[in-house]
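Naming: A, B, ... by sequence-line order, numbering from 1 per chain.
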There are 2 protein chains.
Amino acid sequence: MRQVTIYDIAKEAKVSVATVSRVLNDTAPVKGATRARIEELIQKYNFQPNAMARSLLKKETGIIGVIVPDLTNPFFPEVFAGAEQEAQQEGHTFLLSNSIGDYTKESEYLSILREKRVDGIIFMGGRINLKQCEDHLVQELVQHASVIPTVLVNGGLRNTDLIRVATDEAAGTALAVRHLIGLGHKQIGFIGGESHMTTTSIKLRAFRKTLKDEGLEIREEWLLPDSFSIESGKRQMLKMLDMKERPTAVFCVNDYTAIGAIKAVAEAGLAVPDDMSIVGFDDIPLAHHFIPELTTVSQQAHELGRMAVKVLKTMMNKEKVKKLTTLDPQLIVRQSTGAPRP
Amino acid sequence: MRQVTIYDIAKEAKVSVATVSRVLNDTAPVKGATRARIEELIQKYNFQPNAMARSLLKKETGIIGVIVPDLTNPFFPEVFAGAEQEAQQEGHTFLLSNSIGDYTKESEYLSILREKRVDGIIFMGGRINLKQCEDHLVQELVQHASVIPTVLVNGGLRNTDLIRVATDEAAGTALAVRHLIGLGHKQIGFIGGESHMTTTSIKLRAFRKTLKDEGLEIREEWLLPDSFSIESGKRQMLKMLDMKERPTAVFCVNDYTAIGAIKAVAEAGLAVPDDMSIVGFDDIPLAHHFIPELTTVSQQAHELGRMAVKVLKTMMNKEKVKKLTTLDPQLIVRQSTGAPRP
DNA sequence: GGGTTTCATGAAAGCCTTTACATATAATTC
DNA sequence: GAATTATATGTAAAGGCTTTCATGAAACCC
């Protein structure tokens, strides 16, 4: 059975479609009696205007496209929730896709978003070093961005000037590393992160810089990027524990890898933080429920999401926006870090 | 600057729009030279057909609407990922919303989905006992479902015969409780879950039944529903630890509450599982990385998502589907359960 | 009471595709 | 070579809504 249209309503109410449209959108005065008659019919048939027809005309869909690398990492749902909250008022809705770091998928999805004429795009977590990626995805993204307002969340792409909202990850990294140094650590390792991701390279660079600034030695063999999963944290910590000389503390690119690292230490019969201090990044909800509670750097995920939408909204209104909006990270000291054994 | 349309392409290629449409959709033969000319222009202008115009005509959008109660609970992203994987081939895309258990929001969102003419709806986690909810949301959902293929994931709604895909949560609960009993526990508590949610009432009922079947006493004061958060697990376990007579094991409605419960036990200076055995539900990725590793019941979240989409697809093809597709839960014994102290 | 506003409504165009039908051309048949 | 069939393309309607412009009726002014 066909869905009822504005025509059906108009016909039965013995008015023109224009009038029905007017009561639907409250866009011009309609006489009380007429309005009542129409509203009743709308009720009766449970009529809902076809958003596509409307969008076709108005050139706006009320949809924001979101691309996240991995929804399975609790950081992203948190950002998403923030975005959703901010978008709520305007009645915006989200088309969500998990790219799982697959750049073909990202690219395809970007196409779909464009076909669907979304009002804006939020793109989280950018790649950087992969050559094929640079050539392709970036170009594509930039091209799309020229048509659809786009904001990059955490992770710039080289040689582009896309609008960005980001935590100052370098500052956050420095915060964490300085915290370790402050506790007396002199031998500090780095774990996790795919090396072609922007977030990893930013953190790694900041890590090196902080160590250098503080006059500490950088041991290349203690720099162990991998991926963002718990498993990778575990794997790399295991590797580290196997070394004959090992650090007394590690910085992990995110909380998931930190948890993995802690797990590895625990399984080896060692103690966190006594034998190994571990600091994470993100402050996912679990961080302060893990045992031991995780020292970490908060990115204010929720706020990040809100801000992304806020920026997007001003772009959609064709107002001017800053190229980069930065959120300040915060060090949250809990139980997974402490002074090294003397 | 206006987006380029099929007209612009047709004009510049000196053909009719029909021909352009034909090369776009490969729906009828087009002469090589013409096709080449058109394709070149498409390339040149980076033309992308307007999905709305198309959908308006074809009456399908390629969009599946998803409503989850809380994306922040790792179980749901997992289900979502499964759904996404299954939907991939057909190029379906997801409009996602977090309802946060707010039934007004669910209801509004349902409306939006309908306006947007999504091809199908996946609704996760149903309410049950709330009176206002019954009266309203359910009615609405049923009404929508008569127009748009809808599948309920884990959680029926009373008095409806909506199509469902669900883990056999009762069986899962029994599995877990029997496991505890098998270890020698005779005093078993129940923690977590909002009592008006279907999932809670199913589990609670199965919990009672299993205890009864095994000839154990049901102590009402050890039945502590609350919510699904880590905090609620912690809170209720704290309460339990304060009782002068307390159980030796608890069943938690999900892994998040189980983690909270473990945390509470640990902070009280007691040991899991020696002083308290704890079993969770869901088997979120973290379950086997938590310390101690969590004994839990796997719902095969990923599979659940896939199945939901699979069922939805057959509904969209207007084929017949079973009213209820059940997935079998699996008990996964890890470290958080053990024999009670003698 | 004639002229000017205001209010309520209708007619029709436009948004961008797809597709049924029609037409023109080319290829095939006997 | 006339008749048939296949191939390539065009014309125009349809899909469901919003909105501009026009019109008729009612209210106001002096």
Heavy-atom nearest nucleotide on DNA chain D for B:Leu57 versus B:Val30: which residue maps closer to 5'? B:Val30
With DNA chain D as reference, determine whether A:Ser21 or B:Lys31 sits nearer its 5' end, using the nearest nucleotide of each. B:Lys31
Report the nucleotide, chosen from [options], that has the shortest atom-to-atom distance to any side-chain atom of [X].
{"X": "A:Phe47", "options": "C:dA11, D:dT11, D:dC17", "result": "D:dC17"}
{"X": "B:Thr34", "options": "D:dG16, C:dC16, D:dT9", "result": "D:dT9"}
{"X": "B:Lys58", "options": "C:dT18, C:dC16, D:dC17", "result": "C:dT18"}
{"X": "B:Ile6", "options": "C:dT9, C:dT17, D:dC17", "result": "C:dT17"}

Rounded to the nearest angstrom, tell me the gap between atom [atom1] in [X] and atom [atom2] in [N].
{"X": "B:Gln3", "N": "C:dC16", "atom1": "CD", "atom2": "P", "answer": "9 Å"}
{"X": "B:Arg114", "N": "D:dG16", "atom1": "CZ", "atom2": "P", "answer": "14 Å"}
{"X": "A:Ile38", "N": "D:dC17", "atom1": "CD1", "atom2": "P", "answer": "13 Å"}
{"X": "B:Tyr7", "N": "D:dA13", "atom1": "OH", "atom2": "P", "answer": "11 Å"}
{"X": "A:Asp26", "N": "D:dT19", "atom1": "CG", "atom2": "C1'", "answer": "16 Å"}
{"X": "B:Arg117", "N": "D:dG16", "atom1": "CZ", "atom2": "P", "answer": "9 Å"}
{"X": "A:Leu56", "N": "D:dA14", "atom1": "CG", "atom2": "P", "answer": "17 Å"}
{"X": "B:Asn50", "N": "D:dG16", "atom1": "CG", "atom2": "C1'", "answer": "14 Å"}

Regarding B:Ser55, tell me which of base, sugar-phosphate or nothing describes its non-hydrogen contacts under 4.0 Å with the strands shown. nothing
Which part of the nucleic acid does B:Thr27 contact within heavy-atom distance under 4.0 Å: base, sugar-phosphate only, or nothing?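 Here B:Thr27 touches no strand at all.
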Quick one: is [N] close enough that its OP1 or OP2 comes under 4.0 Å of any side-chain N or O from [X]?
{"X": "B:Asn25", "N": "C:dT18", "answer": "yes"}
{"X": "A:Thr5", "N": "D:dG16", "answer": "no"}
{"X": "B:Lys59", "N": "D:dG16", "answer": "yes"}

Please determine whether any donor N or O and acceptor N or O are separated by less than 3.5 Å between the side chain of A:Arg22 and the base of C:dG10. yes
Residue that, paired with B:Tyr109, satisfies side-chain contact (heavy atoms from CB on, under 4.5 Å) out of B:Val66, B:Ile121, B:Ile67: B:Ile67
Out of B:Glu90, B:Lys59, B:Met316, which residue meets the side-chain contact (heavy atoms from CB on, under 4.5 Å) rule with B:Asp119?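 Of the listed options, the one satisfying the test is B:Met316.
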The reported gap from OG1 in A:Thr34 to NZ in A:Lys14 (rounded to nearest 0.5 angstrom) is 13.5 Å
With rounding to the nearest 0.5 angstrom, report the CD to CZ distance, A:Glu115 to A:Arg117.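 Reported to 0.5 Å precision, the distance equals 8.0 Å.
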Tell me whether the count of non-hydrogen atoms from other residues, nucleotides or ligands lying under 6.0 Å of CD in B:Glu40 goes above 12.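 No, not enclosed.
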